[in-house]
Structure formats: structure tokens, C-alpha cells
K.L.:
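Handing you this structure, nothing more for now.
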Amino acid sequence: MLDIRFIRENTDAVKAAMTHRNADVDVDAVLALDSRRREIVSEAEVLKAERNKVSKSIGQMIKEGKDPEEIKAQVREMGDQISAFDGELREIESKLREGLLYIPNMPAETTPVGKDENDNPVIRSWGEKKGLDFEPKAHWDLGEALGLFDLERGAKIAGSGFPLFTGKGARLERALIQFMLDLHTEEHGYTEIAPPFMCNETAMTGTGQLPKFAEDMYAVPLDGLYPIPTAEVPVTNMYGNEILDKELPILHTAYTPCFRREAGSAGKDTRGLLRVHQFDKVEMVRFTTPETSEEEHEKLTLDAERVLQKLGLHYRVIELCTGDLGFSAAKCYDIELWAPAQDKWLEVSSCSNFKDYQARRANIRYRNEDGKPAFVHTINGSGVALPRLVIAIMENNQNADGSIDLPEVLHPYMGGITKLA
RNA sequence: GGAGAGGUGUCUGAGUGGUUUAAAGAGCACGCUUGGAAAGCGUGUGUGCGCUUAACGGUGUACCGAGGGUUCGAAUCCCUCCCUCUCCGCCA
């Protein structure tokens, strides 16, 4: 969340930022709560100081054998007033916090201003479109024919959007996960985490999924848990309410399945593996100081790109404009893979710098140069998400006979299999 | 799931209603001492919020797992919850 003091002192800038985001946020209502809160705190604390003083004198009187009943009655009255203040304060603080939780992050100064996804500039691209001398088949046809997945049976046991991989398709999932984890841990300096696949409400609030996006999450109400929509949630919140004494930056990578209800996107891009409710993903997370977060964000993005380069896949990097930026992000690059049969770019990674927005929500701090606690900056990105990666591999590397060549780096992970046929 | 024991500051650890302003020790920082170091001695050593200050800081308040309650006053008493450990049960 944003620092209430920042909002107080930069009200116009905050309002302008919300306009650029197309976010409907009542900044003035939050400021009014803040102003009332400070009023009450001041008044209540004067009373508390007085009460503490008089209470102490009661102890003294008892020791001296004097009768304290009259003074007790006075202090009791003060106590009633204090209770009234504290009651109102509790109410105001909870409203204020709720209000702050619904205000998205400030876009970074370098984030391009724009209305929607059509205003996202392309930053760079790598590779080029493969010239296939035949009509490319869609991955759903290739996959069913080669026995890589069985979407009908997946739907039977869980519903549509819950893919079931079979045989070499299942092995390909495992191979890709392992390849990416090895790359990030052995060459990019990340420490691997194997986190819980469910998180509590506090963790989900820390990274910004709750309270605003509750309808996008699966839930296990009996236990107060949510199946994670991304490893970002457990891996970021693992340091919640801590002052880190480790050297920054901290780099973590984690494989987890991800669970998303995809409410609101029903009927859009639903064929095959394009948009599913459960998918595998390797995530990267960096905890940095404010001074280095921009640089670390660039590095993390390159780490994701490296995965695609090693796999030999044509991709481009776009930057999200203010109107398309995610709720908690200040700056974000999306990486998209070219899929010939779809004739489309598919998003496989979203690399975001959250600055101190998540750290303030989750209360993740470090000690700055003065030794004072300060919020870290968090950065994360997919490195990368599997379903669309699998789509790109299948559709780009297909042959006229319906077989699929596997990228060389995967051969060892596939037990020597070089081609899906 | 059942029974029991616990949760105090960076750490160890005392504290069962009122100079506790959380003892003491360790650690850390600075200073003295020293040829240099160790030992010794001295001083300091948390976080959030409010007010104040140009700033350093000052001041008030809250914080002893979390949240409520009792009381003039709570680390201390009561209630609910969370977590850790031990034993039992169940179990991959």
C-alpha cells in the first residue's frame, strides 16, 4: 500500500496517478479518515498521560494509608472517555487500512502513460518468426494426436481448464520445470524455495491479491486458506513482519502450481492450454534496497528472457503503460512468445517492480545505511509460466508430419528424447 | 484429534497487580586503558504512532506470541485464538 504520509503530502500526484491508471479511488475519503485519526490520537494521548500519572499517585496514597476512592472515581471517568476515543480510533483505523488496501501502487516515473494494452510499447525482441512451409497445426490438435495431454479427462475430474498431461507431455512439464530451476539456481544466482501451495489471508493481502481480487482466487474457507495463484505469494510473504539481517539483494526461485479462477475472462482464449485454471510456473523473486531496485528489475527480466533464448523461441518484451499496469506494480515488462498457429503473441512472463508497495503491506524491512528499519523493494517475474511456453514449443517446432522437435537444452531432461512423435 | 509444558528486547534469562523507567548477563557500538591486542573500566544500545523541530533531537503514547476483558493501574489476573516442544492417537 501507499504510505499515508506520502498521500497527505503528494495528494495531487496521487490523484493524477489514479487517473492515469483508470482507477476509481476516493483519495479524499482516505485523507479525511487520516485527519480524524490524528485528531483522536492526540486527544486520547493527553488523557492517557494524565491517567498514568494519577494512577501512579494512587499507588503512593495506598502506601501512605490515605483513602484514594475519590481520585479513583475521577480516573474511572477519564477511563470511560479514553475507551470512547479508543473505540472510535479502532473503527477509523480499520476503515483507513481498508481504504489504503484498495489504492493501487503509484506507477514509476518511467512507466509510459497510456489508456490500455494498445498503448504498451515494444521494448525489444529476440529471434524471428519461423518460416513454416506448411499450414501450422494448433497445439490442441498436435497434443491430442501425440498423446501429450487429455483435456477431456482433465475436465471430467476437475472441470474445463484443468489440463491433464499424459506420457511424454507429463514428462515435458517436469523437464521444463527442472531446466528452468537449474538455470536460475546454477547460472543466475537464485536460491530455490519449495513453499506451501496454500496461503492464509494475511499472506494473500501482503502481496495484493486480497482484498480486491477475492473473486479471482480459489478458497478453502473451512481452513481459511487460498490455493496460491502464483509463487509470488508464499515466497514474498515468507519474510513478512521481519527486519532482514541478510545482505540484499535476496534472490529466490520457486516452482509451484498456480490456481486461478479467471473470473471475468470466461470464453476468452479458452481453447487448449491458452488460459487454464491450474498451471505450473517457475517464479523468480528479488528483495532489494530502494537504490538498486530498478537495476535488479532489469536483471530479473533478462533472467526470464534467458530461458526463452536457451529454448530458441522468438519473443518480444513490451512495457505495460499506466492504464494496463497491474494493481501492485510500479513498473512492469511482459514477455510474449510467438505462436504461429494462434497467429498471436502469448504472454509467458510478467516482470514487475513493486517498489515498497508490497513490503509496506507485508511489513518486510531491512536496515538502511543509517541502521534504521526501512521497507525493501520487491521484484518478481515468471521464469516462466508453462502452458503457453509449451504451446510455443509445440507450434513453432512442429514438422509437416505432426511431430515436434524438442529444443536441445531439454534433451538431457527428457531422458534423451529429442522428438515428440 | 487428546494430554501436558512453553512463547519476555539481538541472544540467554529474571519478573505472578503499583519507583519495572522490563533486573542481570552476553553480544554489539563508542570511549578510556595498552607498544598492539585481550582483560578491565565507563557510556550507549528496540519498534510503531502522535505532537514538535530546518535538522540533530525533544516529548507523549502503545508494544513482553495475537486479539479481547477485569482494574484507578496488567508482562503479571480472566477469555478466545495462533505458534513451538514432549507424549499418545491417526497417517504418506
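Every chain is numbered from 1 and lettered A, B, ... according to where its sequence line falls, protein lines coming before strand lines.
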K.L.:
Please give, in whole Å, the distance from C81(B) P to Asp223(A) CG?
P.N.:
15 Å
K.L.:
Using the P atom on both, measure G6(B) against C78(B) and round to a whole Å.
P.N.:
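Roughly 13 Å separates the two P atoms.
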K.L.:
If the P atom of G67(B) is compared with that of U76(B), how far apart are they to the nearest Å?
P.N.:
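The same atom, P, in both gives a distance of 13 Å.
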K.L.:
Locate the shortest heavy-atom distance separating Phe287(A) from Val235(A); write the atom from each residue and the value.
P.N.:
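Shortest heavy-atom contact: CZ-O, 3.4 Å.
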K.L.:
Taking atom C1' in both U12(B) and G69(B), compute the distance separating them and give it to the nearest angstrom.
P.N.:
33 Å
K.L.:
With rounding to whole Å, what would you report as the distance between G58(B) and G44(B) at their P atoms?
P.N.:
13 Å
K.L.:
Once you round it to whole Å, what is the distance between C1' of U21(B) and NZ of Lys53(A)?
P.N.:
16 Å
K.L.:
To the nearest angstrom, how far is Met78(A) atom CE from C72(B) atom C1'?
P.N.:
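Answer to the nearest Å: 9 Å.
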K.L.:
So if I take residues 87-100 of chain A and measure heavy-atom distances to RNA chain B, which residues fall below 4.0 Å?
P.N.:
Arg90(A)
K.L.:
When rounded to the nearest Å, what value does the distance between P atoms of G27(B) and G68(B) take?
P.N.:
39 Å
K.L.:
Measuring only the P atom in each nucleotide, how far is G31(B) from U84(B)? A whole number of Å is fine.
P.N.:
44 Å
K.L.:
If a pair means Watson-Crick or G-U wobble with both distances below 3.5 Å, what does RNA chain B look like in dot-bracket form, with | marking bases paired to a different strand?
P.N.:
((((((((.[[[..)..(.....]]]((((((.......))))))(((((((....))))))).[[[[[..)....]]]]])))))))....
K.L.:
Is any side-chain N of the basic residue among Lys331(A) and Glu294(A) closer than 4.0 Å to the acidic one's carboxylate O?
P.N.:
no
K.L.:
For RNA chain B, determine which residues of residues 29-48 of chain A have any heavy atom closer than 4.0 angstrom to one of its atoms, and list them numerically.
P.N.:
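Contacting residues: Arg37(A), Arg38(A), Val41(A), Ser42(A), Glu45(A), Lys48(A).
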K.L.:
Only pairs under 3.5 Å count here: list side-chain donor-acceptor contacts from residues 379-388 of chain A, not counting sequence neighbours, and write none if there are none.
P.N.:
residue	atom	partner	partner atom	Å
Ser382(A)	OG	Ser350(A)	N	3.4
Arg388(A)	NE	Leu274(A)	O	2.9
Arg388(A)	NH1	Glu347(A)	O	2.9
Arg388(A)	NH2	Leu274(A)	O	3.0

K.L.:
Working to the nearest 0.5 Å, report the span between CG of Asp116(A) and CG of Asn22(A).
P.N.:
8.0 Å
K.L.:
Measure from CG on Asn241(A) to C1' on C63(B) and round the result to the nearest Å.
P.N.:
14 Å
K.L.:
In whole angstrom, give the distance that lies between atom CD1 of Ile58(A) and atom C1' of U19(B).
P.N.:
16 Å
K.L.:
What is the distance, to the nearest angstrom, from the CG atom on Asp3(A) to the P atom on G48(B)?
P.N.:
12 Å
K.L.:
Nearest whole angstrom, please: distance from the P of U10(B) to the CD of Glu242(A).
P.N.:
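Glu242(A) atom CD is separated from U10(B) atom P by 13 Å.
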K.L.:
Restricting to non-hydrogen atoms, name the atom on Phe85(A) and the atom on Ala44(A) that form the minimum distance, rounded to 0.1 Å.
P.N.:
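Minimum heavy-atom contact is CB-CB, 3.8 Å.
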K.L.:
When we call it a touch if two heavy atoms are under 4.0 Å apart, what does Asn52(A) touch: a base, just sugar-phosphate, or nothing?
P.N.:
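The residue Asn52(A) makes sugar-phosphate contact but no base contact.
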K.L.:
Arg76(A) or Ile4(A): which one's nearest nucleotide on RNA chain B is closer to the 5' end?
P.N.:
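Final value for this comparison: Ile4(A).
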K.L.:
Please list, in numerical order, the residues of residues 363-378 of chain A that have a heavy atom closer than 4.0 Å to any atom of RNA chain B.
P.N.:
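Hits under 4.0 Å, by residue number: Arg365(A), Arg367(A), Pro373(A).
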K.L.:
Using a distance-only test with no angle check, is there a side-chain donor-acceptor pair under 3.5 angstrom linking Asn237(A) and Thr207(A)?
P.N.:
yes
K.L.:
Side-chain N or O of Arg51(A) versus OP1/OP2 of G73(B): is the shortest distance under 4.0 Å?
P.N.:
yes
K.L.:
Show every donor-acceptor pair shorter than 3.5 Å between a side-chain atom in residues 165-181 of chain A and any protein atom, with sequence neighbours excluded, or say none if there are none.
P.N.:
residue	atom	partner	partner atom	Å
Thr166(A)	OG1	Gly147(A)	O	2.8
Arg171(A)	NH2	Tyr413(A)	O	3.4

K.L.:
For His184(A), run the side-chain contact (heavy atoms from CB on, under 4.5 Å) check against Leu251(A), Thr191(A), Val282(A) and tell me which one passes.
P.N.:
Val282(A)
K.L.:
Does atom CG of Asp24(A) have more than 12 heavy-atom neighbours from other groups under 6.0 Å away?
P.N.:
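Incorrect, the count does not exceed 12.
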K.L.:
Give me the one residue out of Thr253(A), Thr185(A), Asp303(A) that meets side-chain hydrogen bond (donor to acceptor under 3.5 Å, both in side chains) with Tyr190(A).
P.N.:
Asp303(A)
K.L.:
Rounded to whole angstrom, note down the C1' distance from A14(B) over to C28(B).
P.N.:
22 Å
K.L.:
Scan side-chain atoms only and decide if Gln358(A) and Thr378(A) contain a donor-acceptor pair under the 3.5 Å cut-off.
P.N.:
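There is such a pair (donor and acceptor under 3.5 Å, judged by atom type) between the side chains of Gln358(A) and Thr378(A).
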K.L.:
How long is the line joining CD of Glu77(A) and P of C72(B), in whole Å?
P.N.:
13 Å
K.L.:
Between Ala73(A) and Lys56(A), which has a closest nucleotide on RNA chain B that is more 5'?
P.N.:
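Its nucleotide being nearer the 5' end, the pick is Lys56(A).
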